[in-house]
**Q** 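Following this message is one structure expressed as structure tokens.
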Amino acid sequence: MIGDKILEKLREEIPQVEYERYIKCLNFDEESSMSDTKVFTAPNPFIANWVKIKYAQKISKLFETIVGISPTIQIDVKSNSEVKSLKNIQESISKTHNKQQLSLNINPSFTFDSFVVGSSNQFAYTTALKTAQEPGIIYNPLFIYGGVGLGKTHLLHAIANYNLNRNKKVIYVTIEQFMNDFTYNLQNQTMDRFREKYRECDILLIDDIQFLSKKNETQTQLFHTFNELHQKQKQIVMTADQAPKMIAYLEDRLKSRFEWGLTVDIQPPEFETKIAIIKKKCELDGVHLKPDVINYIATKLDNNIREIEGIIIKLNAFSKIVNQEITLDFTKNVLSDHIKEERKNITIENIIEIVSKELNIKPSEIKSKSKGVTIANVRRIVIYLSRNLTLNSTPSLAQYFGMKDHSSVSHAMKKITSEIESDENFKLLIENLKNKILNS
Ligand code: ADP
Ligand code: MG
């Protein structure tokens with residue numbers, strides 16, 4: 001293949017070590033190549049960038065000698081196995097929506113099956129399930145309270161989903177929707193419609209009751225609705241971020257009624273439950289995360305499951321955009337905005353270790369006095385990063401690298417700075433290295 005031939009030719013023009021380090025691991029991607037663009041793949045983004053910076057021009061010239069035109073050289077990163085795309089997931093979810101679910105605003109994926117049970121939510125889960133199975137009979141009303149993102153809405157939807165196929169009339173609303181419905185029907189003099197909707201159902205599910213605070217007219221409406229449903233032994237389930245008695249500006253008669261049945265709380269998940277929830281979400285979303293990544297997410301992120309879910313989606317999306325596997329390093333990078341971790345003391349040794357790994361050059365070579373072009377350039381990168389990421393002064397860096405004096409360090413800094421300014425790829429390479437170091 002022409003691509004391979006070109007790389008063989010390049011071998012004759014560059015030092016053997018360079019060839020072994022960067023060129024040997026490239027593959028020619030014939031399918032993606034066109035006459036004016038030739039595509040190669042590299043095993044990681046660092047090598048891809050490095051080749052782009054150092055050899056793209058040479059490779060293009062070699063093409064010219066053989067085929068007459070000098071193409072643009074594109075270096076991609078080898079793609080990973082196909083993961084189900086986000087779009088596919090969303091499409092498959094929306095296909096399973098049935099009309100009733102849509103009109104009720106019920107998320108079909110919030111079921112009892114998809115809810116992970118641990119000691120933090122066991123009681124809420126069990127009582128919600130019993131309520132779904134025998135509405136109006138055991139706990140009426142059922143009042144579930146707890147912090148944000150702990151699964152309250154999920155349980156309400158699970159009760160709805162459970163009963164949609166059992167010929168029960170289920171209404172799910174947030175208290176805000178209830179309030180809007182009320183004011184709308186009041187203004188339009190259609191209160192009979194409002195009453196029919198809320199008082200002729202078998203199960204009324206009301207989310208986020210805490211927003212009822214200070215809404216006096218709505219409180220009155222809810223009071224009457226409650227009484228009528230309760231009298232008819234129809235089920236009422238409510239959620240809030242606090243226990244009824246803690247909600248400010250809520251009429252006492254409502255508070256006491258909310259406590260007639262059973263009040264349960266959901267606590268933040270313990271570590272094992274968090275791990276289990278992450279695994280379950282991955283399974284549902286078709287995302288594969290390695291155990292060390294799952295552990296990291298569970299340890300570093302707070303208990304809001306909604307946030308954890310968002311992170312899984314973000315990781316998956318990013319890994320596709322940059323075509324990288326979701327490794328621990330990758331995860332640390334992506335999560336760096338979310339996690340306020342104390343920055344470790346970074347040393348020159350840390351920097352050398354990471355740069356040497358990423359750019360395939362031995363630490364001893366970086367520290368040597370070799371004047372080989374690549375090694376000298378990598379050494380300058382290390383100096384630049386050390387000056388920026390550690391507290392070392394220019395004289396101490398000069399001493400570390402056995403340079404004449406601090407002016408040699410300044411010279412190296414200038415060279416890298418101007419290269420960053422003039423070359424987008426080089427800038428990207430440095431940014432990526434910085435990220436790796438900061439998140440190591
Ligand atoms: P809340 O209403 O308490 O703020 P949600 O019910 O909206 O929280 O939950 C936020 C997200 O976390 C939802 O996507 C939900 O499916 C998920 N979630 C919360 N707890 C669990 C759990 N125990 N098992 C599975 N998913 C959960
Ligand atoms: Mg909610």
Side-chain angles (χ1 to χ4, degrees), residues 86 89-90 92-94 96-97 101 104-132 141-162 170-180 204-213 236-244 246-247 258 263-287 289 294 297-298 301-317 338:
L86 279 177
I89 298 163
Q90 273 156 5
S92 68
I93 288 177
S94 67
T96 59
H97 269 270
Q101 282 164 331
L104 281 169
N105 240 339
I106 301 294
N107 183 337
S109 60
F110 286 0
T111 60
F112 287 110
D113 278 345
S114 66
F115 193 84
V116 176
V117 186
S119 55
S120 58
N121 57 30
Q122 166 92 54
F123 196 39
Y125 170 86
T126 316
T127 50
L129 180 60
K130 277 239 175 314
T131 304
L142 175 63
F143 194 101
I144 304 170
Y145 73 94
V148 179
L150 299 183
K152 302 180 298 293
T153 299
H154 187 131
L155 286 177
L156 283 193
H157 287 217
I159 295 174
N161 280 316
Y162 191 95
V170 183
I171 300 282
Y172 165 84
V173 279
T174 63
I175 195 66
E176 272 172 317
Q177 286 166 314
F178 182 86
M179 198 153 52
N180 292 341
L204 176 61
L205 308 163
I206 308 186
D207 216 350
D208 292 323
I209 284 279
Q210 70 271 14
F211 296 122
L212 200 52
S213 175
I236 304 152
V237 185
M238 291 165 283
T239 72
D241 62 354
Q242 306 182 61
M246 302 303 288
I247 301 174
F258 290 171
T263 300
V264 292
D265 67 334
I266 298 193
Q267 292 291 328
E270 347 48 76
F271 188 69
E272 288 77 11
T273 311
K274 241 159 118 180
I275 297 263
I277 292 173
I278 296 170
K279 285 186 178 160
K280 184 97 186 179
K281 295 292 171 195
C282 288
E283 184 191 310
L284 293 173
D285 292 353
V287 179
L289 295 184
I294 294 180
I297 297 175
L301 284 178
D302 209 27
N303 295 318
N304 183 336
I305 315 283
R306 194 174 301 129
E307 193 186 11
I308 294 181
E309 267 180 350
I311 294 297
I312 295 173
I313 291 171
K314 188 169 172 183
L315 278 173
N316 192 29
H338 295 262

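All ligand and atom numbering here is 1-based and tracks the order in the structure.
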**Q** Under 3.5 Å between some N or O of ligand 1 and some N or O of Gly149?
**A** yes
**Q** Backbone N or O of Ser120 within a donor-acceptor pair of the Glu270 side chain at under 3.5 Å?
**A** yes
**Q** Return the residue, atom name and 0.1 Å-rounded distance of the protein heavy atom closest to atom 20 (N) of ligand 1.
**A**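 Checking every protein heavy atom, the shortest distance to atom 20 (N) of ligand 1 gives Leu150 O, 3.5 Å.
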**Q** Taking distance alone, with no angle check, do Val116 and ligand 1 share an N/O pair under 3.5 Å?
**A**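 Yes; at least one N/O pair falls below 3.5 Å.
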**Q** Any N/O/S atom from Thr239 (main chain or side chain) under 2.8 Å of the Mg ion (ligand 2)?
**A** no
**Q** Taking all non-hydrogen atoms of both residues into account, name the closest pair between Gly149 and Asn304 and its distance.
**A**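 Nearest heavy atoms, Gly149 then Asn304: CA-OD1, 3.4 Å.
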**Q** Check ligand 1 against Gly147 and write out every atom of the ligand that is under 4.0 Å from a heavy-atom position of the residue.
**A**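 Contacts of ligand 1 toward Gly147, numbered from 1: 3 (O).
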**Q** Which residue and atom name correspond to the protein heavy atom nearest atom 21 (C) of ligand 1, and how close is it?
**A** Phe115 CE1, 3.8 Å
**Q** State, to 0.1 Å, how close Tyr145 and Ala243 come at their nearest heavy-atom pair, and which atoms those are.
**A** CD1-N, 3.4 Å
**Q** Can you spot which of Val173, Leu156, Ile171, Thr239 makes a side chain to side chain contact (heavy atoms under 4.5 Å, CB included) with Ile206?
**A**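 With Ile206 as partner, side chain to side chain contact (heavy atoms under 4.5 Å, CB included) holds for just one option, Val173.
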**Q** If only atom types and distance count, is the side chain of Lys274 paired as donor or acceptor with the main-chain N or O of Ala298 below 3.5 Å?
**A** yes
**Q** Does the Asn121 side chain pair with the main chain of Val116, one donor and one acceptor, at a distance under 3.5 Å?
**A** yes
**Q** If you measure every N or O of Val148 against every N or O of ligand 1, does any of those distances drop under 3.5 Å?
**A**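 Looking only at distances, the answer is no, because the N/O contact criterion of under 3.5 Å is not met.
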**Q** What protein heavy atom lies closest to atom 15 (C) of ligand 1? Include the residue and the distance to one decimal.
**A**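 Nearest protein contact, heavy atoms only, for atom 15 (C) of ligand 1 is His154 ND1, 3.4 Å.
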**Q** Please identify which atoms of ligand 1 are closer than 4.0 Å to at least one heavy atom of Gly151.
**A**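 Near Gly151, the atoms of ligand 1 are 1 (P), 3 (O), 5 (P), 6 (O), 8 (O), 9 (O), 19 (C), 20 (N).
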**Q** In ligand 1, which numbered atoms sit nearer than 4.0 Å to a non-hydrogen atom of Asn121?
**A** 23 (N)
**Q** Residue-level breakdown please: for Lys281 versus ligand 1, do any non-hydrogen atoms fall below 4.0 Å on the side chain, on the backbone, on both, or on neither?
**A** side chain
**Q** Below 4.0 Å from ligand 1: does a non-hydrogen atom of Lys280 turn up there or not?
**A** no
**Q** Verify, without hydrogens or angle tests, whether Asn161 (side chain) and Phe110 (backbone) share a donor-acceptor contact under 3.5 angstrom.
**A**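 Here the side-chain-to-backbone pair exists.
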**Q** Considering only non-hydrogen protein atoms, determine which one is nearest to atom 11 (C) of ligand 1 and report residue, atom name and distance to 0.1 Å.
**A**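 Here the nearest protein heavy atom works out to Glu309 OE1, 3.6 Å.
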**Q** Calculate, to the nearest 0.5 Å, the distance between atoms CD and CD1 belonging to Gln122 and Ile266 respectively.
**A**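 It comes to 12.0 Å.
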**Q** Using a 4.0 Å cut-off to any heavy atom of Ser114, which atoms of ligand 1 qualify?
**A**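 Those atoms are 24 (N), 25 (C).
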